[in-house]
Visitor: 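Structure in structure tokens, see below.
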Amino acid sequence: MKEKYEAVIGLEVHAQLITNTKLFCACSIKFGSPPNSNVCPVCLGHPGALPVTNKQAIEYAVLMGLAVNCVVNEQSIFARKNYFYPDLPKGYQISQFEKPICENGHIEVKTAEGSDKIIRIKRIHLEEDAGKSIHDQGSDTLVDLNRCGTPLIEIVTEPDISSAKEAYEYLINLKQIVTYLGICDGNMEEGSLRCDANVSVRKYGDKLGTKTEVKNMNSFRNVERAIDFEIKRQIEILEEGGTITQETLLWNADLNEAFPMRSKEESHDYRYFPDPDLMPIVIDEKWKTKITSKMPELPKVRRERFIKQFNLPEYDAEILTSTKDMADYYEAVLEFTDDYKSASNWVMGDISKVINENKISIKDFSISPKNIGKLIELINNNTISGKIGKELFEELLKSNIDPEIIIKEKNLVQITDSSELENVIDKILSSNSIQVEEYRNGKEKVFGFLVGQVMRETKGKANPQLVNEILTKKLKG
Ligand code: ADP
Ligand code: ZN
Ligand code: MG
């Protein structure tokens, strides 16, 4: 039944910019300040207060536009979006309507089939955030206006997305881009990225169906689930001969269902008009060039460079560049070792395991890139065995000091002295004469057992190749 229908999805994502101050005043945007402490006449909307646009916020919006292949408009204007809500003291939100700062870009995503697909970006505009109503403290609703005037960019796609999975991929890409640019921390759980999903379905080849808008998803996975839910709901209605009502739905993550919130407003309900208190934003070529020069290496380019420069499999490059912090850590390790693949294995394996278990960012990982680099070198130059390397890693987790000091203190240096190893091996052979006999009678599995005994005796410090060599020689002799 489902194959008859095609889903059509467009996303509207709000990203909170990490500027020092608000979009139109000098108040701090710091999260977690006491309620109503980061406020002033401008963001409280007192009569006569005049807004002044934050230059850094403009530059961040332009940087984003350039990163996703948009046209940066030489002139854009702020508009008032009028509506009443307790957390909006001015009675309007300053946003952009007819002339946004950036238009007509695109982001590439991987489809389920593994091919690349272009998702067009319709517009990126700058706007201010509203305050917060707090409903969970006693029976009254409280209002905190600290967030009023916090700078946001809204990134709106064309209806180019065709599945929940694709929407998820798009969001992962978008988050990577904003965090690489350093313009937003990308944290959806904390609300610094917020996504509204517009969803419709149609029979293949038909014109666009009526869309609904689903809001209130606070994780990428919830966006995916909410879209899947909504596609299914719409198909069921159509199959029963019903019609879709254009409305806004709220996602309930506990119930895994979306519920209607209100019938959708039209843009004329907002009575948009150009804000008479604000100058148009003018971005001339000179300024644009200056902003362009601040463009960092973007995830896709970095991924490709990792494959070329460090000879890494695509899989490694993908994971290592999944966050800028991880890619930075990896490259910092390479200051101390040229073993690109081992460094990749440590970062993707043991290190990722620790940071995932502790739910921390690699930025807060306790072992320095320098000591990981040294650890790799100590294994590669045969000072320690790979097995001891793991032990050393555990020690470094306890205290991030020079690995060479640890291996001296803990006496972890590999035994590469053959006469010392011969002694150990002779001892093992004489105390395991039954097994030696079995081996000589063709039971080759016993070899591994004997190696194990040598390793146990030397507490894992014997050089494995040397043990193999000496043992083979002695068993043959
Ligand atoms: P509105 O005026 O209702 O806000 P917009 O044209 O601004 O609509 O589009 C809002 C978002 O909805 C965009 O991301 C757009 O791609 C998406 N969209 C538009 N039409 C449809 C549709 N029929 N089905 C799904 N998404 C749609
Ligand atoms: Zn203020
Ligand atoms: Mg809209």
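No experiment lies behind these values; they were computed from the predicted model shown. As the structure lists them, so they are numbered: ligands from 1, and atoms in each ligand from 1.
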Visitor: Any N or O of Lys211 that comes nearer than 3.5 Å to an N or O of ligand 1?
Guide: yes
Visitor: Just wondering, more than 12 heavy atoms not from Asn256 lying within 6.0 Å of its CG?
Guide: yes
Visitor: Can you list the atoms of ligand 1 that are under 4.0 Å from a heavy atom of Glu158?
Guide: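 Going through ligand 1 atom by atom, the ones under 4.0 Å from Glu158 are 16 (O).
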Visitor: Do the side chains of Asp277 and Ile94 get nearer than 4.5 Å, heavy atoms only?
Guide: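 No; the side chains remain at least 4.5 Å from each other.
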Visitor: Going by heavy-atom distance to atom 10 (C) of ligand 1, choose the closest among Lys207, Glu12, Gln246, Arg202.
Guide: Glu12
Visitor: Using a 4.0 Å cutoff against the non-hydrogen atoms of Ser200, which atoms of ligand 1 qualify?
Guide: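 Under 4.0 Å from Ser200, ligand 1 has these atoms: 22 (C), 23 (N), 24 (N), 25 (C).
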Visitor: Could you tell me, atom by atom, which parts of ligand 1 come under 4.0 Å of a heavy atom of Thr157?
Guide: 13 (C), 14 (O), 15 (C), 16 (O)
Visitor: Which atom pair, heavy atoms only, marks the closest approach of Val214 to Ala226?
Guide: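 What the structure gives for the nearest pair is CG1-CB, 4.1 Å.
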Visitor: With atoms numbered from 1 as shown, which atoms in ligand 1 lie under 4.0 angstrom from a non-hydrogen atom of Val156?
Guide: 13 (C), 14 (O)
Visitor: Are any non-hydrogen side-chain atoms of Phe220 and Met188 less than 4.5 angstrom apart?
Guide: yes
Visitor: Does the side chain of Thr337 come under 3.5 Å of the side chain of Glu377 through a donor N or O and an acceptor N or O?
Guide: yes
Visitor: Do Tyr330 and Phe306 have ring centres separated by under 6.0 Å?
Guide: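 They qualify: ring centres under 6.0 Å apart.
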Visitor: Decide whether an N or O pair under 3.5 Å exists between Leu208 and ligand 1.
Guide: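 No, since none of the N or O atoms of Leu208 sits under 3.5 Å from an N or O of ligand 1.
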Visitor: Looking only at distance, does Pro159 have an N or O less than 3.5 Å from an N or O of ligand 1?
Guide: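 For ligand 1, there is an N or O atom that lies under 3.5 Å from one belonging to Pro159.
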Visitor: Short question: side chain of Ser28, backbone of Asn38 - any donor-acceptor pair under 3.5 Å?
Guide: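 Side chain of Ser28 to backbone of Asn38: no pair is present.
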Visitor: Would you check whether Lys122 reaches within less than 4.0 Å of ligand 1, judged by its heavy atoms?
Guide: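 Contact present.
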Visitor: If the cut-off is 4.0 Å to any non-hydrogen atom of Val8, which atoms of ligand 1 fall inside it?
Guide: 24 (N), 25 (C)
Visitor: By side chain to side chain donor-acceptor pair (under 3.5 Å), which residues pair with Lys324, not counting sequence neighbours?
Guide: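 If we apply the side chain to side chain donor-acceptor pair (under 3.5 Å) test to Lys324, skipping adjacent residues, the hits are Asp328.
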Visitor: Check each atom of ligand 1 against the heavy atoms of Gly209 and keep those under 4.0 Å away; list them by number with element.
Guide: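 Result: 23 (N).
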Visitor: Closer than 3.5 angstrom, by distance alone: can the side chain of Thr179 be matched with the main-chain N or O of Gln176 as a donor-acceptor pair?
Guide: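 Yes.
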Visitor: Using a strict cut-off of 2.8 Å, how many protein N/O/S atoms surround the Zn ion (ligand 2)?
Guide: 4
Visitor: So, Ser192 and Gln16: side-chain donor and acceptor under 3.5 Å apart, yes or no?
Guide: no
Visitor: Please check if atom CD in Glu108 has more than 12 non-hydrogen atoms from other residues, nucleotides or ligands closer than 6.0 Å.
Guide: yes
Visitor: By the definition salt bridge (charged side-chain N to carboxylate O under 4.0 Å, His left out), identify the one residue from Lys90, Lys22, Arg80 that meets it with Glu128.
Guide: Lys90
Visitor: Using heavy atoms and a threshold below 4.0 Å, how should the contact between Leu11 and ligand 1 be classified: side chain, backbone, both, or neither?
Guide: backbone
